[in-house]
Every structure is written in structure tokens, then in C-alpha cells.
Number of protein chains: 2
Amino acid sequence: MSEVDRNIVRSFPGTVRAIEGSRDIVRLGERTEHISLIVEGVVARFGQMADGNRQFTAFFISGDMADLHAAVMPVVSSPLQTTCPTTLYQIDRAVIRDAAERSPSLAQAFWCDCVTEGQISAEWLLTIGRGTALARVAHLFCELACRYEAISDESGRFPLLLTQAHIGDALGLTAVHVNRMVRQLRESGSILTENEYVTILDWTLLRRQGAFTGSYLHLNDPSRNGS
Amino acid sequence: MSEVDRNIVRSFPGTVRAIEGSRDIVRLGERTEHISLIVEGVVARFGQMADGNRQFTAFFISGDMADLHAAVMPVVSSPLQTTCPTTLYQIDRAVIRDAAERSPSLAQAFWCDCVTEGQISAEWLLTIGRGTALARVAHLFCELACRYEAISDESGRFPLLLTQAHIGDALGLTAVHVNRMVRQLRESGSILTENEYVTILDWTLLRRQGAFTGSYLHLNDPSRNGS
DNA sequence: CGGTCCGTTGACTCACTTCAACAGTAGTGG
DNA sequence: CCACTACTGTTGAAGTGAGTCAACGGACCG
């Protein structure tokens, strides 16, 4: 979502809400009554197998709207939860929907946002379906680095507000194997992990390890609204 | 996309185009100039690894709009190809975009369509990330059966316009292993394959094998536009 | 009749899982 | 201040689901 649109959304009336980590925001089958703009923290969308096994299908970070799609499809088909203490700015669903109805350009911006989200899912399908465990972890780190870079002034370094179990649930791996892959990335010299941060030491190497090209993220991409 | 909206789209000026199987429709990085409504056949969206390995990220069947998202984001981030001889009805991108700009309700319908597509991707992520090979194949068959049922008058039987290699590329499996899983499904008594058709003999069993619930497809779902 | 594509099956290999154990840190309560 | 618990990260050893490699039959087609 572009900077301009994000500011429009912030100008809508809403409520700030602080939530602990590992808390459900919306549950399967409920109706979403408000759209959540993330101020700080991480919200993950997930699906669940009968055996309780989870699969995260998206991560939302500061500046993302975690359930924008609910503006037009309020019944929750994928629940949301926080992965860490998170602050949201919640706007009534009707406010968003009415604004989109009045302003075609805003509607288009929201539509774009949902399309981009779908393209990220498609990219995840590619890496999870065809990538090795090492490539999956490297790819996720690349994606997060790019997305955090777009919203902060730091570059090549980002806060990892996920446990290795979270990463495994996003990549279709076990936490144990994620641990081994992170170690391998560290030993290869492409990244460094300290505290809650990942620092990228060798972008070229990490991109190659993750077969990453960031074009699908559409960050600062003027062509998104191209006519 | 609802029946009503599909009829609106069909009323737009466009061109019918017949294409052979295994042909590219749009290539990576190109600009999409027309939106394709599928009249007959199958179009697959895919991503590709550097080693040439493919991963299908969506299948579009009769009545689907294969690249509706291009109305707002014309630069192709996932190429499209046919899996079998296919007929398209192609509408100029500007026609779709302008119609959405003039009619908020049509814009919302298109937006819904893109959201549903994203939810299907999320469901694929769940099955591919966490399901066994057998569950993945069973799940795909369930999904296709439901989607074909919604657009035809046959039930429990659908045309499989994909090779086992295509299925493998969609599910992150090899064609060899897909073959083994299809056989296992056949031997379990849940399905029957003959010619180009899959017949479902035991829905309950197949659903369980694929851990399938069809709610994410939003077929005949009045709540999609719920206010 | 030969070539190509698709489905099919068998034998072997390997990437990732599973199971298990342990260390560091933080929070909690006696 | 020190147990006690819980969570996360870490590492090792053993098991297995899916991949790889290879071969063959049938259908279709030029």
C-alpha cells in the first residue's frame, strides 16, 4: 500500500489496540467488523489442518492492512494471530467500504493491495513447492528485509519478530530444520543473527540462496497504477 | 465470480481466441493489454525457478477471468499458459478498468474475485506446506470437482484437462509420485479415472483424504457481498 | 512405421522429519 | 534469593516420504 493511501487510511476514525504476542485477532468463521492497520509488530494469517498443524499464509508488518479483504468479504476464511506484542489501528469495516464506494481511486488502491497480497502468496507457493529448505528460509529473509527497508530508514537489517517455530509454520518446515538452515546461512556468511535482529552481510549471496527477486512485492513501484 | 457479473463481462466488446494446449498466453515482465475470460479449457498461472522447475500457482477454468488483477496491475508477475486446447474471450484492459471506475458495485465484484483467488492460494499453501502427497492430490480433485460442479450440471464427475505432470507442478510433487498417489486414491475406492474424466465414487472418503472444506471457494455464497 | 507424449511401475537415494536431550533466558511465586 | 516452570534455540541419531533414475506399454500422429 502506497504511502499516500496509508495516510488516507490513518485519517479515518479508528481505535488503537495493543495486543500481546500469540493472541488470536479474528477466528475462523467469525465476521470481521473492523480492518486492522498494523502500527507495530507482526500479524500472521494462517490455516490449520485437522491434526492441529498450522501453516502461516501471510505475514503483515507495520503499515500493512492485515484484513483489508474483509472490506468486501467479511466472513473470515483464514484466522489471524499476533506473533509478538503488536499495536493495531482498527477502523470500522463500513468506513473502509463506504470510502471505497465513494472514491474509485481509493477502491482501486485497495484492490491493488489485495492483488499484491495474492502475488506474495503465489511467490510463497513457488518457494515452498519447489525450493529447498535453505532456499525457503533465505527467501523469507530477503522478503522481510525488503519490506522492512521500505518502511524504515535502516537497510540490510531488520527485526525478526518471529520464533523459529513461526518460520517453520510459514515455510512448511519443522522448527528443528529451520534452526539448522539458519545456522547454515550464518556459516555461509550471508547473514548474522543477534538478539531479535537479522543483519544481511552478503545480499548477493542471500538472494542467490533464496532465488529471490523482489519485483513481486511492488515496493515503490509507480507502474502499479499504470494506465 | 457470480453468474450475474460474468454476464456483464460477456456483454463487453471482446475477441474470441482459440489456443492450443501448452502455449504461453502472457510472458513474465510483459504488460497485459487484455483480460481473458475463459470460455472453455484451462489456463494455469505459474512461477519458475532458475533451474527451469515450474510451480503452478492457480488454475482457471470456464467462467474464470484468468488475469483480472491486470486491470489494476498490468505488469505480469506470473506468466500464464494453457494446459489443453482453450478458448478465451479477451476484453481490452481499459474497458474493464473504466467499467470498474464507473460502477462501484462492479469494482467491488472484481475486487471480491481477486480476494477469492488469494484465498485459494492461501488454501494451496496450507495443503502444500502441511499435507502429504496423497492429501494434496485428493484436495486438488475436491477443489476441481466443486468448481466444475458450480459451472456445469454434472455432479461428482469432472474433466481432468491436466496431465499428471501438470498436477505435480501444481502440488510441488514429481509426476511419478502423482501417479502413485492417483493409483492409491483409485485403489482406496474414492475416485475412478477414465479417459479424461475423474469420477468421485466416495465424497466423504475423498474429502477426508484431502482434508477438504470448500468454504474458501465462495461458490454460490450470498455473504460475499454482505454489508 | 518411427517419434513423441503420457501413464505406469520398480529399485535406490536423500532431504527432511521425528524423537530426544540440554542450555540460556525470562517470568513467577515461595 | 532461589526453586520452578515455560519457552526458545540448539544439536545428535535414526526413520521415512518423496525424489531420482530407468525402463516399458499404449495412444496418437505425421
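Lettering of chains follows the sequences in order, A, B, ..., and the numbering in each one begins at 1.
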B/Arg186 side chain N/O closer than 4.0 Å to the phosphate oxygens (OP1, OP2) of C/dT8? yes
Atom-pair distance (CG on B/Asp169; P on D/dA18), nearest Å: 17 Å
Of all the heavy-atom pairs spanning A/Thr116 and A/Leu217, show the shortest one and how long it is. CG2-O, 3.7 Å
Just checking B/Val182: base, sugar-phosphate only, or nothing, at a heavy-atom cut-off of under 4.0 Å? nothing
Relative to the 5' end of DNA chain C, which residue comes earlier, A/Gly172 or B/Gln164, by the nucleotide with the nearest heavy atom? B/Gln164
Rounded to whole Å, please give me the gap between CD in B/Glu187 and P in C/dG7. 17 Å
Can you tell if the side chain of B/Ile61 reaches within under 4.5 Å of the side chain of B/Ile38, non-hydrogen atoms only? no
Within this structure, what is the NE2-to-C1' distance between B/His177 and C/dT8, rounded to whole angstrom? 14 Å
Is NZ or CZ of B/Arg157 both nearer than 6.0 Å to the six-membered ring centre of B/Tyr197 and within 45° of the ring axis? yes
Chi angles and distances behind the side-chain contact (heavy atoms from CB on, under 4.5 Å) call for A/His34, A/Leu88: CA-CA 11 Å; A/His34 30 58; A/Leu88 302 177; over 6 Å; no
For the pair made of CG in A/Asn195 and C1' in D/dG9, what is the distance, rounded to whole Å? 13 Å
Do any side-chain nitrogens or oxygens of A/Asn179 fall under 4.0 Å of OP1 or OP2 in D/dT10? yes
Whole-Å gap separating C1' (D/dT20) and CG (B/Asn53): 13 Å
C/dC16 phosphate, OP1 or OP2: any side-chain N/O from A/Arg180 under 4.0 angstrom? no
Separation of A/Gln184 atom CD from D/dT11 atom C1', in whole Å? 14 Å
Return the minimal non-hydrogen interatomic distance between A/Gly14 and A/Tyr89, and the atom names on each side. N-OH, 3.0 Å
When you match B/Thr163 and B/Arg130 each to their closest nucleotide on DNA chain C, which lands nearer the 5' end? B/Thr163
In whole angstrom, give the distance that lies between atom CE of A/Met181 and atom C1' of D/dT11. 13 Å
Short side-chain N/O contact from B/Thr174 to OP1 or OP2 of D/dA18, under 4.0 Å: no
By nearest-heavy-atom nucleotide on DNA chain D, the more 5' of B/Ala133 and A/His166 is A/His166
Starting at CD of A/Glu196 and ending at C1' of D/dT8, how long is that distance when rounded to a whole Å? 10 Å
